[in-house]
Amino acid sequence: MSDTIERVKSLIRDIPDFPQPGIVFKDITPLLADEDAFSSVIDLIVVHYGRGNIDKVVGIEARGFILASPVAYHFGAGFVPVRKAGKLPWKTEREEYALEYGTAVLEVHTDAIRPGERVLIVDDVLATGGTAAATARLVERLGGKVTGISCLVELEFLKGRVNLAGYDFFSLISY
Ligand code: AMP
């Protein structure tokens with residue numbers, strides 16, 4: 001593991017039993033607060049996909065917004081928020097997906113992505129992959145092409161990648 005990745009990993013904090021018993025929450029706030037580590041993770045995502053290859057960067061509410069915005073800036077791309085149901089003010093496309101218990105809904109503005117645009121999806125943590133897969137379906141419903149899906153952290157033992165077969169998935173840190 002490179003020194004940079006090792007340092008980034010040391011700045012991700014495990015919070016047992018948050019937000020509910022049995023979940024180990026990966027708290028990235030110490031990483032975000034570190035000026036070197038924050039800029040390094042953004043640079044690594046940008047380098048992986050390459051400048052000139054992305055038209056829109058989609059951030060998934062809420063921690064995905066924090067990472068997707070600087071990535072979009074570096075690409076000279078637009079930023080698009082994908083949000084939980086009822087948060088976006090204008091016309092939306094919606095996608096319902098299964099959680100361990102029950103379902104969740106994600107939404108995007110119908111005019112956020114134009115047909116044919118190359119889209120990178122960014123979030124903080126890939127767990128089961130349900131959130132990222134639902135976001136990819138939303139992008140495709142608007143006619144966008146999912147060029148990649150990137151997460152800072154991948155919880156490998158949950159095998160979320162299986163839900164993202166066929167996409168260029170890139171994570172910086174695995175557990
Ligand atoms: P999933 O749809 O199961 O891949 O869950 C991914 C979404 O839930 C992401 O938006 C994450 O921010 C959040 N998430 C899931 N598990 C964790 C975890 N252990 N720590 C932090 N965030 C998590």
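The basis for the numbers below is simple: all heavy atoms, side chains too, and nothing from hydrogens, waters or symmetry mates.
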Atom of [X], atom of [Y] and distance for their closest heavy-atom approach:
X      : Y      : result
Ala136 : Val146 : O-CG2, 4.0 Å
Ile42  : His74  : CG2-CD2, 3.6 Å
Ala37  : Leu11  : CB-CD1, 3.5 Å
Ala68  : Gly59  : CB-CA, 3.5 Å
Gly116 : Asp55  : O-OD2, 4.5 Å
Thr110 : Leu142 : O-CD2, 3.5 Å

Got a donor-acceptor contact below 3.5 angstrom from the [X] side chain to the [Y] backbone?
X      : Y      : value
Ser150 : Phe170 : yes
Arg137 : Ala132 : no
Asp27  : Ile15  : no
Asn53  : Gly50  : yes
Ser69  : Ile66  : no

Under 4.0 Å between a Lys/Arg side-chain N and an Asp/Glu carboxylate O for [X] and [Y]?
X      : Y      : result
Glu117 : Lys145 : no
Arg63  : Asp123 : no
Lys91  : Asp111 : no
Arg94  : Glu107 : yes

Do [X] and [Y] share a hydrophobic cluster (ILVMFWY, side-chain heavy atoms under 4.5 Å, transitive)?
X      : Y      : value
Phe75  : Phe169 : no
Tyr49  : Leu44  : yes
Ile45  : Leu126 : no
Tyr167 : Leu106 : yes
Tyr175 : Val8   : yes

[atom1]-[atom2] distance between [X] and [Y], expressed to the nearest 0.5 angstrom:
X      : Y      : atom1 : atom2 : answer
Leu155 : Arg161 : CG    : CZ    : 12.0 Å
Leu172 : Ser40  : CG    : OG    : 10.0 Å
His109 : Glu93  : NE2   : CD    : 12.0 Å
Thr135 : Ile60  : OG1   : CD1   : 3.5 Å
Ile28  : Asp124 : CD1   : CG    : 4.5 Å
Leu31  : Ile12  : CG    : CD1   : 5.5 Å

State whether Phe79 and Lys56 meet the cation-pi test: NZ (Lys) or CZ (Arg) under 6.0 Å from the six-membered ring centroid, and within 45° of the perpendicular axis.
no
For the residue pair Phe18 and Phe25, does the interplanar ring angle fall in the parallel (under 30°), tilted (30 to 60°) or perpendicular (over 60°) class?
perpendicular
Apply side-chain contact (heavy atoms from CB on, under 4.5 Å) to residues Arg141 and Val108 and explain how you reach the verdict.
CA-CA 10 Å; Arg141 202 142 5 104; Val108 66; over 6 Å; no
Taking the side chain as everything from C-beta on, heavy atoms only, tell me whether [X] gets closer than 4.5 Å to [Y].
X      : Y      : result
Val82  : Leu88  : no
Asp17  : Ile23  : no
Val57  : Val80  : no
Leu120 : Thr147 : no
Ile149 : Asp168 : no
Val46  : Arg51  : yes

Begin with the C-alpha distance, continue with both residues' side-chain angles, and end with the deciding distance and a verdict on side-chain contact (heavy atoms from CB on, under 4.5 Å) for Leu152 and Val125.
CA-CA 6 Å; Leu152 210 53; Val125 173; over 6 Å; no
With no hydrogens and no angle check, do the side chains of Tyr97 and Thr131 hold a donor and an acceptor under 3.5 Å apart?
yes
